[in-house]
**Student:** 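The structure follows.
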Amino acid sequence: MLICPSMLSASFTNLGEELAAVERAGADCIHWDIMDGNFVEAITFGHRMIAAHRKLSQLRFDAHLMVVNPERHIKNFAQAGADVISVHAEVCKDLHHTLGFIRLLGKKSGVALNPATSIEILEYCSDVLDQVVIMSVNPGNSGQSFIASQLNKILELRKTLPQSVEICVDGGITDQTIGDCVRCGADSCVSGSYVFRSQSYVDALRKLRESCN
Ligand code: DX5
Ligand code: ZN
């Protein structure tokens, strides 16, 4: 199980330090929540933020694009050094083409699905797909409660997707919810507030790992 802290919950006055701290604590990958004030209400960071931090870490960078017209931004995030780029299926005009384009740029392709979006939208995309991000909260904010109905989605996807496609769960991940995600077949989990609001990032990551068993 890969644990991916989300920088959305880190201290914005100290992002470089925060990144180094979760890396030292044993994070497997760094999740960047890109919000455009349109697909979701909030505005967070753009590709330059990823480029600036790319120099500080060798960890996998996942860019979760919560933006409309994601096609316009993919090249910038690829050049900035994101390793995985996930777009929301709800706003992709031509999902298969967009995923293929991400791969063409040498990156792993991801699709994020809102809680109310059915997995049927992924049919005929598995040949260009590396990761599915199951949103277990509605996108836009950290610190929300896990939506348990999404566990079914993980189960269904694990049955239907090729084993090579990674299933990532994003939102409301704590030591209480991560175990169910693993048991249903998740390969990675994003954790924002649980990790960054803890007293010790080492303890938080250890507790999450222990709860996977
Ligand atoms: C929500 C974001 C999540 C968020 C998770 O829109 O996509 O990645 O940062 O935060 P927690 O873990 O606090 O739910
Ligand atoms: Zn996210």
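These numbers were taken from a predicted model, which means no experiment stands behind them. Start at 1 and go down the list; that is how both ligands and their atoms are numbered.
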**Student:** Looking only at N/O atoms, are Gly171 and ligand 1 under 3.5 Å apart anywhere?
**Tutor:**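 Not met; the criterion fails.
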
**Student:** I want to know if ligand 1 touches His64 in the polar sense, i.e. an N/O pair below 3.5 angstrom.
**Tutor:** yes

**Student:** Could I get the full list of side-chain contact (heavy atoms from CB on, under 4.5 Å) partners for Ile43, not counting sequence neighbours?
**Tutor:**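 Result, side-chain contact (heavy atoms from CB on, under 4.5 Å) vs Ile43: none returned.
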
**Student:** So which atom in Gly171 and which in Ser136 form the shortest heavy-atom distance, rounded to 0.1 Å?
**Tutor:**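 Scanning both residues completely, I find the closest heavy atoms to be O-OG, 2.6 Å.
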
**Student:** Side chains of Thr117 and Glu90: is there a donor and an acceptor less than 3.5 Å apart?
**Tutor:**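 Their side chains do contain a donor-acceptor pair, which is all the 3.5 Å distance test asks for.
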
**Student:** I need the single residue from Ile134, Ile154, Ile167 that forms a side-chain contact (heavy atoms from CB on, under 4.5 Å) with Cys184. Which is it?
**Tutor:**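 It is Ile154, the one option of Ile134, Ile154, Ile167 that forms the side-chain contact (heavy atoms from CB on, under 4.5 Å) with Cys184.
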
**Student:** Give the residue and atom name of whichever protein heavy atom lies nearest to atom 10 (O) of ligand 1, and the separation in Å to one decimal.
**Tutor:** Ser142 CB, 3.4 Å

**Student:** Can you find a side-chain donor-acceptor pair between Ser6 and Asp33 that sits under 3.5 Å?
**Tutor:**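 Yes - a donor-acceptor pair under 3.5 Å links their side chains.
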
**Student:** What do you reckon, does Pro139 have a nitrogen or oxygen under 3.5 Å from a nitrogen or oxygen of ligand 1?
**Tutor:**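 By distance alone, the answer is no.
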
**Student:** Give yes if a backbone or side-chain nitrogen or oxygen of Gly143 is under 3.5 Å from a nitrogen or oxygen of ligand 1, and no if not.
**Tutor:** yes

**Student:** Could you walk me through whether Gln131 and Asp62 satisfy the side chain to side chain contact (heavy atoms under 4.5 Å, CB included) test, starting with their C-alpha distance in whole Å, then the side-chain angles of each, then the deciding distance to 0.1 Å, before giving a yes or no?
**Tutor:** CA-CA 10 Å; Gln131 173 175 271; Asp62 278 21; 3.6 Å; yes

**Student:** Give the residue and atom name of whichever protein heavy atom lies nearest to atom 13 (O) of ligand 1, and the separation in Å to one decimal.
**Tutor:**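 I find the closest protein heavy atom is Ser193 OG, 2.5 Å.
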
**Student:** What atoms of ligand 1 come closer than 4.0 angstrom to any heavy atom of Leu8?
**Tutor:** 9 (O)

**Student:** What protein atoms of element N, O or S are positioned under 2.8 Å from the Zn ion (ligand 2)?
**Tutor:**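 Listed by chain and number, the nearby protein N, O or S atoms are His31 NE2, Asp33 OD1, His64 ND1, Asp170 OD2.
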
**Student:** Just wondering, do Ser109 and Ile85 contact through their side chains at under 4.5 Å, heavy atoms?
**Tutor:** no

**Student:** Let me see the working for Tyr201 and Tyr194 under ring-ring contact (aromatic ring centres under 6.0 Å, His included), right down to the final yes or no.
**Tutor:** CA-CA 9 Å; Tyr201 299 165; Tyr194 180 82; over 10 Å; no

**Student:** Tell me, which protein residue and heavy-atom name are nearest atom 12 (O) of ligand 1, and how many Å apart are they?
**Tutor:** Gly192 N, 2.8 Å

**Student:** Which atoms of ligand 1 are found less than 4.0 Å from any heavy atom of Met135?
**Tutor:** 7 (O)

**Student:** What's the separation between atom OG1 in Thr177 and atom CG in Leu208, rounded to the nearest 0.5 Å?
**Tutor:**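 The CG atom of Leu208 is 8.0 Å from OG1 of Thr177, to the nearest 0.5 Å.
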
**Student:** Look only at interatomic distance and state if Asn138 has a nitrogen or oxygen under 3.5 Å from any nitrogen or oxygen of ligand 1.
**Tutor:** no

**Student:** Report the distance from atom CG of Leu161 to atom CD1 of Ile119, rounding to the nearest 0.5 Å.
**Tutor:**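 So the CG of Leu161 and the CD1 of Ile119 are separated by 7.5 Å.
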
**Student:** Residues in side-chain contact (heavy atoms from CB on, under 4.5 Å) with Ser211, at least two apart?
**Tutor:** Asp175, Ile178

**Student:** With backbone taken as N, CA, C and O and side chain as the heavy atoms from C-beta onward, which portion of Ser191 lies under 4.0 Å from ligand 1: side chain, backbone, both, or neither?
**Tutor:** backbone

**Student:** Check Asp28, Leu2, Ile30 against Arg60 for a side-chain contact (heavy atoms from CB on, under 4.5 Å) and give me the one that passes.
**Tutor:** Leu2

**Student:** Short N/O distance, under 3.5 Å, between Ile173 and ligand 1?
**Tutor:**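 So ligand 1 has no N or O lying under 3.5 Å from an N or O of Ile173.
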
**Student:** Check for me whether the distance between the ring centres of Phe77 and Phe61 falls short of 6.0 Å.
**Tutor:** no

**Student:** Got a sec, which pairs hit ring-ring contact (aromatic ring centres under 6.0 Å, His included) with one end in residues 79-127, sequence neighbours left out?
**Tutor:**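 For residues 79-127, and leaving out neighbouring residues, the ring-ring contact (aromatic ring centres under 6.0 Å, His included) pairs sorted by first residue read Phe39-His88, His64-His88.
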
**Student:** Please state which protein non-hydrogen atom is closest to atom 4 (C) of ligand 1 and give its distance, to 0.1 Å?
**Tutor:**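 Heavy-atom neighbour on the protein nearest atom 4 (C) of ligand 1: Asp33 OD2, 3.7 Å.
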
**Student:** Please name the pair of heavy atoms, one in Ser118 and one in Leu113, separated by the smallest distance, quoted to 0.1 Å.
**Tutor:**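 Nearest pair, atom of Ser118 first, then Leu113: O-CD1, 4.4 Å.
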
**Student:** Tell me which protein heavy atom sits closest to atom 6 (O) of ligand 1, plus the residue, atom name and distance to 0.1 Å.
**Tutor:** Gly140 N, 2.8 Å

**Student:** Assess whether side chain to side chain contact (heavy atoms under 4.5 Å, CB included) is satisfied between Ile173 and Cys189, documenting all intermediate values.
**Tutor:** CA-CA 7 Å; Ile173 294 295; Cys189 280; 3.9 Å; yes

**Student:** Which of the atoms of ligand 1 are close to Val190, meaning less than 4.0 Å from one of its heavy atoms?
**Tutor:**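 Near Val190, meaning under 4.0 Å from one of its heavy atoms, ligand 1 has 8 (O).
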
**Student:** List every atom of ligand 1 that sits less than 4.0 Å from any heavy atom of Gly172, numbering the atoms from 1 in the order shown and giving each element.
**Tutor:** 11 (P), 12 (O), 14 (O)

**Student:** Taking only heavy atoms of Met35 into account, list the atoms of ligand 1 that are under 4.0 Å away from them.
**Tutor:** 6 (O)

**Student:** Quick one: which ligand 1 atoms are inside 4.0 Å of a heavy atom on His31?
**Tutor:**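 The list of qualifying atoms is 8 (O).
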
**Student:** With a heavy-atom distance limit of 4.0 Å, tell me whether Asn141 approaches ligand 1 through its side chain, its backbone, both, or neither.
**Tutor:** backbone

**Student:** Regarding ligand 1, does Asp170 bring an N or O atom to under 3.5 Å of one of the ligand's N or O atoms?
**Tutor:** yes

